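Working notes, beginning with the structure itself.
Predicted model, so just to flag it, every value in this text is computed and none were measured. Chain identifiers are assigned alphabetically (A, B, ...) following the order of the sequence lines, protein sequences preceding nucleic acid strands; residue numbering begins at 1 within each chain. We use all heavy atoms of the structure for the numbers below, so side chains are in, but hydrogens, waters and symmetry mates are not.
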Protein chains: 2
Amino acid sequence: MAGIKEVAEEAGVSTATVSRALRGLHHVNDSTRAKIIAAAEKLSYPLTPSTANTASGRTNSVGVVAPYISRWYFSQVISGAEQALREAGLDLLLYNFSQMKGRERLFQHQLLKGRVDALIVISLPPTVEEFDSMLSLGIPIALVGMEHEKCASVKIDDIAGARSATQHLVNQGHKQIGLMSGRPDDPFNFSVPQDRRKGFMQVLAENGLEWLPQREVHGDFTMHTAARAMDDLLARPNRPTAIFCESDEMAMGAMQALRRHGLKAPDDISIVGFDGHEMAEFSELTTIEQPVQLMGEMAAWSIMERLRKPNIDPPSLVLPTTLVVRNSTRRISPEEA
Amino acid sequence: MAGIKEVAEEAGVSTATVSRALRGLHHVNDSTRAKIIAAAEKLSYPLTPSTANTASGRTNSVGVVAPYISRWYFSQVISGAEQALREAGLDLLLYNFSQMKGRERLFQHQLLKGRVDALIVISLPPTVEEFDSMLSLGIPIALVGMEHEKCASVKIDDIAGARSATQHLVNQGHKQIGLMSGRPDDPFNFSVPQDRRKGFMQVLAENGLEWLPQREVHGDFTMHTAARAMDDLLARPNRPTAIFCESDEMAMGAMQALRRHGLKAPDDISIVGFDGHEMAEFSELTTIEQPVQLMGEMAAWSIMERLRKPNIDPPSLVLPTTLVVRNSTRRISPEEA
DNA sequence: ATGAAAGCGCTAACAT
DNA sequence: ATGTTAGCGCTTTCAT
């Protein structure tokens, strides 16, 4: 296996010069550099040797931590981050933090330790201790979909998004509006469902609409539980004419349940979702789109910036959402309402 | 930062013993090991130090290479692999190989070089040269969705899957059956579309059904292009009574197009997909399910096995698919056919 | 079963 | 601008 020594020999220089040349440092003669690059290519020597780690203390890779990696939202963010990181020549280490048992959890920061130069944490604060242990790594952290004073963050305004979804329903004449929200006993203290619920309630109140607790059902942000929750809601009296679902997947679950009951959106009930899931278009679902992939990219950029200048303080970005009106919501007449 | 030296001091032993104890090697007294583990935990010293790389030559991580990482199929496989690898204490390095420019491509194996102990390559053979350069790394490689004599592989029988999808349509009385297939000018020499097409044609021939080339349209395995292709097909004469789509996403695109034209599956045209996409249930799509996540897990296991015993030859696994009948296909009467 | 010491392949500090 | 020489933090002989 060709190492830096072989390359040095081939180019007729010292290993130190090879190291400098390949990393684009100053004070290397252009012709020398050319020779070295030629030698490196010939021996297919890597531009960033993996073993550089030990000597330099930098790993040239960043960790991405997420509770799920195959769900739409997460895979989009990861994809965005991957692109930005690879462009910058950084490797991406993937860490899924959902199913680990207690004892292993205790070791989390030790897993990460020394393996990554920075961390991107997607949308779920683990327990406080776990989070502290991440902070204690002393490396830059960028949060996606959350905020924390000590970390950079990229997120949307969930309250505003929920507001415009709800306002859309109100504008269309709906007065009896239901809510499909996250479980109150969510295992994670996740702010997203809370914020989306808050925005919803604000708009109801501002428009003088009465809120009936029996118009709310809960899901866990998947289609499956949402469909079941919807069954439940449909069985209750005072059926709403429209429903705001805190995620597109839940909205699609709701629509599925509707169909099972011989009902249809928007004819029988209007449905608005949240996220901009790729399948929302297929379902003709009205929704609030968020720039998911972009959020991953920006998180990556933000940590790379901080890797360059460790002293700037971590930026907090809020990206815009867009109401996309499709065919799952409709205007209703005053008599219907 | 606590290193092996600190742990050694704390435990009152040498660094060599710490190294041995923490990696579970033989010839370490139980009580010594206990002391060392305690010291390590106290100083939050990682079980598998990242810098072990240099000295041992092993990186304790495997690379996952995929052309996309946010598409459903790929994210599922990655998720499965991640679980299996993490359980075994291996890190997962993610490499997306789609958008890289020519010159960078040339450097691919150099990117990987020395960074991973093994490779899992998902569903797309890059160019032959790129593949050769991966092989030349001299590390175990597991393929998902493809085969190669020198690599382990985990796949399904695409021909058989396509056969049972098509047979299902035939069994329901369809005689004029259309095909939504991959682009013939696919940038990758991807065997999946070819195999699925082959299975389809076999069943048609076996049942003495005539094949009309104008019943075939092409997509790129996404909803979007499929919808457009479907528009095209619907505009042609001799409209088929059923269509086999080579992927669920294409099937959903087709159904979307159908709706736009005021048509509906299965009433106007029966649609059968392929993959077992999570949204297939929502769409009530009849499909061929493949155990996607499991394929990722098995690929991981297979390389870990080979990491242990380098001399066994790479296993080639074929996992079963299942026909799941939902509501996008229906039996038609002889008069209709 | 444990320790001492010689690397692993590279980078960094110091020469020149 | 380039070479020399210590390390980096760990693993792995080889002793004991």
Original post:
At what angle, to 10 degrees, do the two end axes of the helix from C:dA1-D:dT16 to C:dT16-D:dA1 meet, given five pairs define each axis?
Top reply: 30°
**OP:** Summarise how protein sits on nucleotides 5-16 of chain D as a single string, 5' to 3': B when a protein heavy atom is under 4.0 Å from the base, S for sugar-phosphate-only contact, - for no contact.
**Re:** --BBBBSB----
Subject >> Check against side chain to side chain donor-acceptor pair (under 3.5 Å), A:Arg71 and A:Ser75 >> reply: CA-CA 6 Å; A:Arg71 283 204 194 170; A:Ser75 68; over 6 Å; no
Original post:
Under 3.5 Å, is there a donor-acceptor pair between the side chain of A:Ser56 and the main chain of A:Ala52?
Top reply: yes
Original post:
Looking at residues at least two apart in the chain, or sitting in another chain, which of them share a ring pair (Phe, Tyr, Trp, His ring centres under 6.0 Å) with A:Phe74?
Top reply: A:Tyr68
Subject >> Gap separating the NZ atom of B:Lys155 from the CD atom of B:Glu147, nearest 0.5 angstrom >> reply: 4.5 Å
**OP:** Verify whether one side chain among B:Ser133 and B:Ser136 offers a donor that lies under 3.5 Å from an acceptor in the other.
**Re:** no
Original post:
Got a donor-acceptor contact below 3.5 angstrom from the B:Asp117 side chain to the B:Thr59 backbone?
Top reply: yes
Original post:
For residues 302-320 of chain B, which residue pairs qualify under salt bridge (Lys or Arg N to Asp or Glu O under 4.0 Å), counting only residues two or more places apart or in two chains?
Top reply: B:Glu305-B:Arg308, B:Glu305-B:Lys309
**OP:** Mark yes or no for whether B:Glu82, through its side chain, and A:Asn96, through its backbone, hold a donor-acceptor pair below 3.5 Å.
**Re:** yes
**OP:** With a 4.0 angstrom cut-off to heavy atoms of chain A, pull out the first and last contacting nucleotide of DNA chain C, in 5'-to-3' order.
**Re:** C:dG9 to C:dA13
Original post:
Counting only N and O atoms by type, is there a donor-acceptor contact under 3.5 Å from the side chain of B:Lys113 to the main-chain atoms of A:Ser44?
Top reply: yes
Subject >> Under the salt bridge (Lys or Arg N to Asp or Glu O under 4.0 Å) test, residues paired with A:Lys5 that sit two or more places apart >> reply: none
